[in-house]
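Each remark here refers to the structure printed beneath this line.
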Number of protein chains: 2
Amino acid sequence: MSVEENAPVPQGAPHPPVRRATMRDVAALAGVSIKTVSRVINGVSSVAPPLREKVQQAIDQLEFQPNLAASNLRRTDRRTGQIALLLEDLSNPYSATLTRTIEDVARAHNTLVVAGSVDEDPQREIELARAFTQHRADGLVIVPTTSDQAYLHSEVRVGTPLVFVDRPPRGILADSVLSTNTDGAAQAVRHLVDHAHRRIAYLGDYSSISTAEQRFRGYQEEMGRNGLPIDPRLVRHDLHDIEAAVSAARELLALDDPPTALFTSQNLVTIGALTALRSLGLQHRVAVVGFDDFPLGDLLDPAVTVVAQDVPRIGATAARLLFERIEASDQLPPREHLVPTRFLVRGSGEIPPLDDVR
Amino acid sequence: MSVEENAPVPQGAPHPPVRRATMRDVAALAGVSIKTVSRVINGVSSVAPPLREKVQQAIDQLEFQPNLAASNLRRTDRRTGQIALLLEDLSNPYSATLTRTIEDVARAHNTLVVAGSVDEDPQREIELARAFTQHRADGLVIVPTTSDQAYLHSEVRVGTPLVFVDRPPRGILADSVLSTNTDGAAQAVRHLVDHAHRRIAYLGDYSSISTAEQRFRGYQEEMGRNGLPIDPRLVRHDLHDIEAAVSAARELLALDDPPTALFTSQNLVTIGALTALRSLGLQHRVAVVGFDDFPLGDLLDPAVTVVAQDVPRIGATAARLLFERIEASDQLPPREHLVPTRFLVRGSGEIPPLDDVR
DNA sequence: TTGAAAGCGTTACCAG
DNA sequence: CTGGTAACGCTTTCAA
């Protein structure tokens, strides 16, 4: 039954843990009213220095920590000091970087970040959004997976700030922050054309994803502008993971008339294509330009030429928009923000076409 | 006073947003008491079906969303349904994977995850911990940066579950989940020795970091066990970023009697060393074994042999320990959990030593 | 400058 | 099975 006498303090002591001190406890110990304690904690000026001193001592002695939830319940501004992020997958670099950038802005606004992974599962998106709503997050940043976000109708109605990232909202009007997907893809194709390629393959993610669709459009349009026909055998949609991309790339390269260059519309697809090329010993013979940068893209041999999304800027923009709405009184109409992609020339996109067999 | 009649609903409507419905509103509309609404929402069985039906209709009509903060304030179990993570940096793969794994466990416990980056700044750690505490997170997972966590004393006292990851707690007793750093480092060195290396350099992070210290110990001990002397010129501490590692590696390789193998004790240091080797054209001549895996480590040429931490298992273990304490009534004494590293042979660690000039 | 009372949205307790 | 009343920990309102 004895308590450890020397530090450190053990976790899970045999006794029921001590109750947290409340303002009432502090007030009692300091011999003042609860309201005075509140004033001291909130730094309201109108407290006489000696009183303030006594209260502060009581706070320190009791190791008092105010309960923000209780505080916010009564406060006029009704802010919980938390914003929520609905992400594709917290563990992928895009989501992780986005979260980090938003966190930095949030910190400046004295706000914490709660995040969840949706994993391209619409049901999960709805559940997560509901959970965040019931926790009364001050605002939501959403990388949507659902085809329609009308389920957020009631949140819009009560004025919860919403910012969509990567993919625009459907069924509701809200701010969004998007990359210039079509332009970026067109630039990639143009780069390959400028390097004398004519048989350029497209390897893309699920075509139901709006970004994939836009990137494919950029590919199509740029091919057209250069008078190049699109060989349907060189177009592969719906590649969502490395495995699928490896197989698709291998099949393309096994054609009688294989492509001399690959445009891969997404991170994992690029990695899959590179893996396939490497296994065939073709990594220095077939050109590759990928959409989305990835870690160590510059350490590979050849280094990978990519259309990089400016994720930090996307995150910062989204966070800025969100806090503008959280803190502003007058609400402006929703806007769509475009963040330009950056083209990073690093080697794989500058490989010349293999000599054709004519 | 008119409401938009057609979808989509605009964000930032000119009218002041509608007030959220409360249980009181639902009760009034359904013609029942607030308590009955509460029962319906919490799925308590003892509500007559017809009543339940009426209440449910009112809930749907008003788009009522319960306020969890208010609920938790009154509830006996006092859980907020949120756990907090104090991480090194949300955007690095270790932190991101850890977060994701913990999120998965948390989801099964109907709990959300709020996370923050400490950036190796002790002051930031303390501030973040205080913020999480004031939000009354149900438990904390901490990758500590401070040298002493006595500042968490009051949290331990009131029984907030705490789990330390990657580095053990100091100044308090709490659960921890650690990798087998010393063993893993020793295994790396042994591997190099088995491949006939004798001049093996150590490149490590800040020696103040306990994991770096342990990994260095593993290096020392294994060198000793093999009767190999440690040349102080081949030991470089306090390399915390890629830049520093590049410089250090270049210096080592410029020695009259350079190392034939490098053991790098951390992610960024490994990348720096590889960068230096590549720039010198030595990537196929000098062996490298790194601690910590990194994305695409298997796509480089040569692929990188590493001692990989099992981050998913670390995260799952930490989350499991946390929820055991959150949900258990009887508290066991804190434990230290060791998660074994995995040795991944991929190429860079199997390069034989260059012929010495004797 | 200080404090008493009411209230935030919900659940606990105990009658009916 | 249902509801009234008190209470959670804090801020607001208003009076002293």
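A, B, ... follow the sequence lines: proteins, then strands. Residue 1 opens every chain.
dC8(D) atom C1' lies 13 Å from atom CG of Asp25(A), rounded to whole Å. Computed from coordinates, the Arg24(B) CZ to dG4(D) C1' distance equals 14 Å when rounded to whole Å. Here the C1' atom of nucleotide dA7(D) and the CG atom of Leu73(A) are 13 Å apart, to the nearest Å. Rounded to an integer number of Å, the gap from Gln134(A) CD to dT10(C) C1' is 13 Å. One interatomic measurement links the two molecules: CG of Asn42(B) to P of dT10(C), which rounds to 10 Å at whole-angstrom precision. dG7(C) atom P lies 20 Å from atom CE of Met23(A), rounded to whole Å.
For DNA chain C, the residues of residues 64-72 of chain B within the heavy-atom distance limit of 4.0 Å (strictly under) are Phe64(B), Pro66(B), Asn67(B), Ala70(B), Ser71(B), sorted by number.
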I'd like a list of close polar pairs between nucleotides 12-16 of chain C and the protein, N/O only, cut-off under 3.5 Å.
from: dA12(C); atom 1: OP1; to: Thr76(B); atom 2: OG1; distance (Å): 3.4

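When each of dC8(C), dT11(C), dT10(C) is scored by its nearest atom to the side-chain atoms of Thr22(B), the top-ranked nucleotide is dT10(C). Side-chain proximity of Ile34(B) to the nucleotides dT2(C), dT10(C), dT11(D) is greatest for dT10(C).
Closest approach of Ala316(B) and Val105(B) over heavy atoms only: CA-CG2, 4.3 Å. Gln149(A) approaches Ile172(A) most closely through the heavy-atom pair O-CG2, 3.6 Å.
Taking only side-chain nitrogens and oxygens, Thr36(B) comes nearer than 4.0 Å to OP1 or OP2 of dG3(D). An OP1 or OP2 oxygen of dT11(D) is reached within less than 4.0 angstrom by a side-chain nitrogen or oxygen of Ser38(A). Under 4.0 angstrom from either OP1 or OP2 of dG9(C) there lies at least one side-chain N or O belonging to Arg78(A).
By the salt bridge (charged side-chain N to carboxylate O under 4.0 Å, His left out) test, Glu324(B) is found to be paired with Arg320(B), Arg335(B), residues two or more places apart in sequence or in another chain being considered.
Ionic pairing of Arg325(A) and Asp175(A) is present here: one or more N-O contacts between side-chain nitrogen and carboxylate oxygen are shorter than 4.0 angstrom.
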Test side-chain contact (heavy atoms from CB on, under 4.5 Å) applied to Ile142(A) and Leu152(A), step by step
CA-CA 11 Å; Ile142(A) 306 174; Leu152(A) 287 170; 3.5 Å; yes
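Listed by first and then second residue, the salt bridge (Lys or Arg N to Asp or Glu O under 4.0 Å) pairs involving residues 130-149 of chain B are Arg79(B)-Asp138(B) (not counting sequence neighbours). Pairs of residues two or more places apart, or lying in two chains, that qualify as side-chain hydrogen bond (donor to acceptor under 3.5 Å, both in side chains) and include a residue from residues 105-114 of chain A are His109(A)-Glu327(A).
Residues Glu125(B) and Thr146(B) bring a donor and an acceptor atom of their side chains to less than 3.5 Å of each other.
Contact of the Leu98(B) side chain with the Leu85(B) side chain is not registered, since no non-hydrogen atoms from C-beta on lie closer than 4.5 Å. Using a 4.5 Å heavy-atom threshold, the side chains of Val47(B) and Thr36(B) count as touching. Under the 4.5 Å side-chain criterion, counting only non-hydrogen atoms from C-beta, Leu62(A) is in contact with Leu29(A).
Among Ser117(B), Ser95(B), Ser91(B), the single residue meeting the side chain to side chain donor-acceptor pair (under 3.5 Å) criterion with Arg100(A) is Ser117(B).
Residue-to-nucleotide proximity on DNA chain D shows that, of Ser33(B) and Arg136(B), the 5′-proximal contact is made by Ser33(B). Nearest-nucleotide assignment on DNA chain D puts the 5′-proximal partner with Leu51(B), out of Leu51(B) and Val37(A).
Stem analysis of DNA chain C (Watson-Crick or G-U pairs, both distances under 3.5 Å, runs of at least three) returns C:1-16 with D:1-16.
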